[in-house]
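Both counts, for ligands and for their atoms, begin at 1 and track the order of listing. Position 1 is the first residue of the sequence, and the numbers go up from there.
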Amino acid sequence: MTDSSEKPFLRVLDGEALSPPPVWLMRQAGRYLPEYREIRAKFPTFLDFCYAPKAASEATLQPIRRFGFDAAILFSDILVVPDALGQKVSFEVNEGPRLEPILSEKEFGRLNEAIDLKRLAPVFETIERVRAALPATTALIGFCGAPWTVASYMIAGRGTPDQAPARLFAYREPELFQRLIDRLIEASVDYLARQIESGVEAVQIFDSWAGVLPAGEYERWCLAPIKQIVAGVRRRHKDAQVIGFPKGIGPRLDDFAAQTGIDALGLDSAVDPLWAAQNIPNAKALQGNLDPLALLAGGAALEAGAARILKAFRGRPHIFNLGHGVAQPTPLAHVEALMRLVRGHGAS
Ligand code: CP3
């Protein structure tokens, strides 16, 4: 996609092991940053903010300016896809997302046949603005939610502790659920391809709820759709770099890495870095996996957690990250301390 030689993040996706490893954090733009809270306050709703290219590009760049991460991630949300499929989506302050739930064929029938990329034009403009403003050594990551995770919000209409509504729906109405997943596969391919055309240099697929699925359901609703998205994106952009983040799938990670065709595997915090280093072939870069709560706690917990990860992945392609998003009350000083720990590592 781009000449990767200047960008450590892209060099690692290409299979190089760097010491110190490149670093970025999931949810690195967000409410723990005072400058983020300042822009956020100017918008009545979160979606208005996501669809305002000037503000969204600023939010994307804020954590780069403050901490000097090796990659920026597009500021947006996975739920812009249901929005662009015609479902009503909103975000209630301190309560999370609300969608008009899909309960039957009737609500499914109201969705657009294909994703409305015109509605997402502000997102593509955000990407162009960020690419023009980023330092030469910083990469830009785009993303989408995986079909299972996005569908679970579309069915429940909100966040739930275990995605029980979508799991039940998939058992009771497997054919209708398959049609929803297929719609999301096509939408995700169109969306990611356009993000790449607008300037992102890698894409991450977030399957934040993969871990609640039993084996058979995991294969059908997590593995197969992501495999199809990777193939679909590569048909349009053969060198596309794809990171998969199937949160919570534990020992299925090696199978996931082998089957889906992803370039890099995002690890959640429950994965033992030594297990991953031994069981995932070197050809796949690994990304992760400090516990966001160790970063929130700081001190000895942060130092021990970071040291264990740096040691386990030394000598293999690794991108330092958290195992999930930055927790809201995380002190800025802890992120600065983490950057010193990572950047001070190795230099060999
Ligand atoms: O990582 C980044 O900095 C880029 C932006 C990004 C956001 N959401 C911004 C956001 C990304 C990559 C996401 C992904 C996302 N969104 C996921 C997958 C990753 C994960 O965290 O598991 C999911 C499940 C969502 C859905 C979502 N969006 C929820 C459940 C919520 C509310 C809960 C919360 O943490 O506030 C959101 C809102 C949201 N998305 C915010 C941000 C910064 C907070 C909104 C605000 O500032 O009011």
Side-chain angles (χ1 to χ4, degrees), residues 23-52 55-64 66-67 69 71-83 87 89-99 123 126-127 130 140-163 166 188 191-192 195 200 202-212 243-249 266-269 287-289 292 296 321-330 335:
V23 51
W24 70 281
L25 305 181
M26 289 189 276
R27 285 291 191 93
Q28 62 193 20
R31 282 170 290 184
Y32 77 110
L33 293 176
E35 59 272 35
Y36 172 87
R37 295 195 295 268
E38 205 176 294
I39 320 189
R40 175 70 187 88
K42 294 185 187 150
F43 291 88
T45 78
F46 180 66
L47 272 186
D48 288 336
F49 179 13
C50 291
Y51 292 150
S57 55
E58 187 54 29
T60 307
L61 292 163
Q62 284 174 342
I64 307 305
R66 189 182 268 276
F67 303 114
F69 295 121
I73 181 160
L74 165 69
F75 184 80
S76 180
D77 196 83
I78 62 168
L79 299 179
V80 301
V81 168
D83 182 61
Q87 192 174 14
V89 178
S90 64
F91 288 82
E92 301 300 322
V93 178
N94 298 325
E95 282 181 43
R98 292 287 181 276
L99 299 85
V123 176
T126 301
I127 293 170
V130 174
L140 178 59
I141 306 168
F143 68 91
C144 71
W148 161 249
T149 287
V150 175
S152 71
Y153 287 94
M154 293 176 82
I155 300 280
R158 59 203 298 148
T160 65
D162 51 6
Q163 302 301 3
S188 304
Y191 183 43
L192 293 179
Q195 288 184 39
V200 306
V203 294
Q204 177 156 322
I205 302 172
F206 286 87
D207 215 347
S208 306
W209 289 98
V212 301
I243 306 167
F245 179 56
K247 184 169 177 287
I249 68 167
L267 306 173
D268 63 76
S269 307
Q287 177 175 280
N289 70 340
L296 172 54
N321 205 315
L322 301 177
H324 200 190
V326 176
Q328 204 208 323
T330 299
V335 181

Q: Could you tell me whether Arg31 and ligand 1 have an N or O pair separated by under 3.5 Å?
A: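 Yes, Arg31 has an N/O under 3.5 Å of an N/O on ligand 1.
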Q: If you round to the nearest 0.5 Å, how far is OG1 of Thr149 from CD1 of Ile205?
A: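 That separation rounds to 11.0 Å.
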Q: Determine whether a donor-acceptor pair (N or O, by modelled atom type, separation under 3.5 Å) exists between the side chain of Ser152 and the backbone of Ala166.
A: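 Answer holds: no.
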Q: Taking the six-membered ring where the residue is Trp, are the ring centres of Tyr51 and Phe43 under 6.0 Å apart?
A: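 No, they do not, as the ring centres are separated by 6.0 Å or more.
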Q: I'd like the name of whichever of Leu322, Ile73, Leu33 reaches closest to atom 2 (C) of ligand 1 through any heavy atom.
A: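 Checking each option, the heavy atom nearest atom 2 (C) of ligand 1 is found in Ile73.
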Q: Let me know which of Leu192, Ile243, Leu74 forms a side-chain contact (heavy atoms from CB on, under 4.5 Å) with Gln204.
A: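 Exactly one candidate clears the test, Ile243.
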Q: Identify which of Thr149, Asp77, Val150 has a heavy atom lying nearest to atom 28 (N) of ligand 1.
A: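 The residue whose heavy atom sits nearest atom 28 (N) of ligand 1 is Asp77.
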Q: For atom 38 (C) of ligand 1, find the nearest protein heavy atom and state the residue, atom name and distance (0.1 Å precision).
A: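 The closest heavy atom on the protein side is Phe91 CE2, 3.6 Å.
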Q: If you look at every heavy atom in Ala59 and Ala29, which pair is closest and at what distance?
A: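 Shortest heavy-atom separation between Ala59 and Ala29 comes out as O-CB, 3.5 Å.
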Q: Measure the shortest side-chain to side-chain distance between Ile39 and Gln62 over non-hydrogen atoms and say whether it is less than 4.5 angstrom.
A: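 Side-chain contact under 4.5 Å: yes.
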Q: Of the backbone atoms (N, CA, C, O) and the side-chain heavy atoms from C-beta on, which set of Val93 has a member under 4.0 Å from an atom of ligand 1: side chain, backbone, both, or neither?
A: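 Neither part.
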Q: Number the atoms of ligand 1 from 1 as they appear, then name those within less than 4.0 Å of a heavy atom of Ser208, with their elements.
A: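 With Ser208 as reference, the close atoms of ligand 1 come out as 18 (C), 19 (C), 20 (C), 22 (O).
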Q: Would the distance check show the side chain of Gln195 and the main-chain N or O of Phe143 forming a donor-acceptor pair, the cut-off being under 3.5 Å?
A: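 Confirmed, Gln195 side chain pairs with Phe143 backbone.
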Q: I'd like to check which ligand 1 atoms, numbered from 1 as shown, lie under 4.0 Å from a non-hydrogen atom of Tyr153.
A: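 Answer, ordered by atom number: 24 (C), 30 (C).
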Q: Tell me which one of Leu74, Thr45, Ile205, Val89 gets a heavy atom nearest to atom 4 (C) of ligand 1.
A: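 When every heavy atom of Leu74, Thr45, Ile205, Val89 is considered, Leu74 comes closest to atom 4 (C) of ligand 1.
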Q: For the backbone of Ala71 and the side chain of Gln28, can you confirm whether one donor and one acceptor N or O come within less than 3.5 Å of each other?
A: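 Between the backbone of Ala71 and the side chain of Gln28 there is a qualifying donor-acceptor contact (under 3.5 Å).
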Q: Can Trp209 be said to touch ligand 1, with heavy atoms closer than 4.0 Å?
A: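 The answer is no, since Trp209 has no heavy atom less than 4.0 Å from ligand 1.
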Q: Any atoms of ligand 1 less than 4.0 Å from a non-hydrogen atom of Gly96? List them with their elements.
A: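 Checking each atom against Gly96, I get 32 (C).
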Q: Spell out, as yes or no, whether a donor-acceptor pair under 3.5 Å connects the side chain of Asp268 to the backbone of His324.
A: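 A pair under 3.5 Å: no.
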Q: I'd like to know if the side chain of Trp209 reaches the main chain of Trp148, judged simply by a donor and an acceptor atom lying under 3.5 Å from each other, with no hydrogens or angles considered.
A: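 Here the side-chain-to-backbone pair does not exist.
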Q: Which protein heavy atom lies closest to atom 42 (C) of ligand 1, and at what distance to 0.1 Å?
A: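 For atom 42 (C) of ligand 1, the nearest protein heavy atom is Phe46 CZ, 3.6 Å.
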Q: Students should be able to answer this: which protein heavy-atom is nearest to atom 1 (O) of ligand 1, and at what distance?
A: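 Minimum-distance protein heavy atom for atom 1 (O) of ligand 1 reads Arg27 N, 2.6 Å.
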Q: Considering only protein heavy atoms, which is closest to atom 25 (C) of ligand 1, and at what distance to one decimal place?
A: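 Result for atom 25 (C) of ligand 1: Ile78 CG1, 3.6 Å.
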Q: Do me a favour and list the nearest non-hydrogen protein atom to atom 11 (C) of ligand 1 with residue, atom name and distance?
A: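 Checking every protein heavy atom, the shortest distance to atom 11 (C) of ligand 1 gives Phe143 CZ, 3.8 Å.
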Q: Which heavy atom of Ser76 sits nearest to which heavy atom of Phe46, and what is that distance?
A: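 Of all heavy-atom pairs spanning Ser76 and Phe46, the closest is O-CZ, 4.3 Å.
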Q: By number and element, which atoms of ligand 1 are closer than 4.0 Å to a non-hydrogen atom of Ser76?
A: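 Under 4.0 Å from Ser76, ligand 1 has these atoms: 5 (C), 6 (C), 7 (C), 8 (N), 9 (C).
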Q: State the atoms of ligand 1, each with its element, that fall below the 4.0 Å cut-off from a heavy-atom position in His324.
A: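 Listed by number with element: 20 (C), 21 (O), 22 (O).
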Q: Look at atom 48 (O) of ligand 1 and say which protein heavy atom is nearest, naming residue and atom and giving the distance to 0.1 Å.
A: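 Checked against all protein heavy atoms, atom 48 (O) of ligand 1 sits closest to Arg40 NE, 3.1 Å.
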Q: Can you tell me how far the CG atom of Leu25 sits from the OG1 atom of Thr330, to the nearest 0.5 Å?
A: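 Leu25 atom CG to Thr330 atom OG1 measures 9.5 Å (nearest 0.5 Å).
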Q: Measure from atom 30 (C) of ligand 1 to every heavy atom in Ala29, Pro97, Gly159, Ala146 and give the option owning the shortest one.
A: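 Nearest option to atom 30 (C) of ligand 1, by heavy atoms: Pro97.
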Q: Among protein heavy atoms, which lies nearest atom 47 (O) of ligand 1, and at what distance?
A: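 Residue, atom and distance for the closest contact: Tyr36 OH, 2.6 Å.
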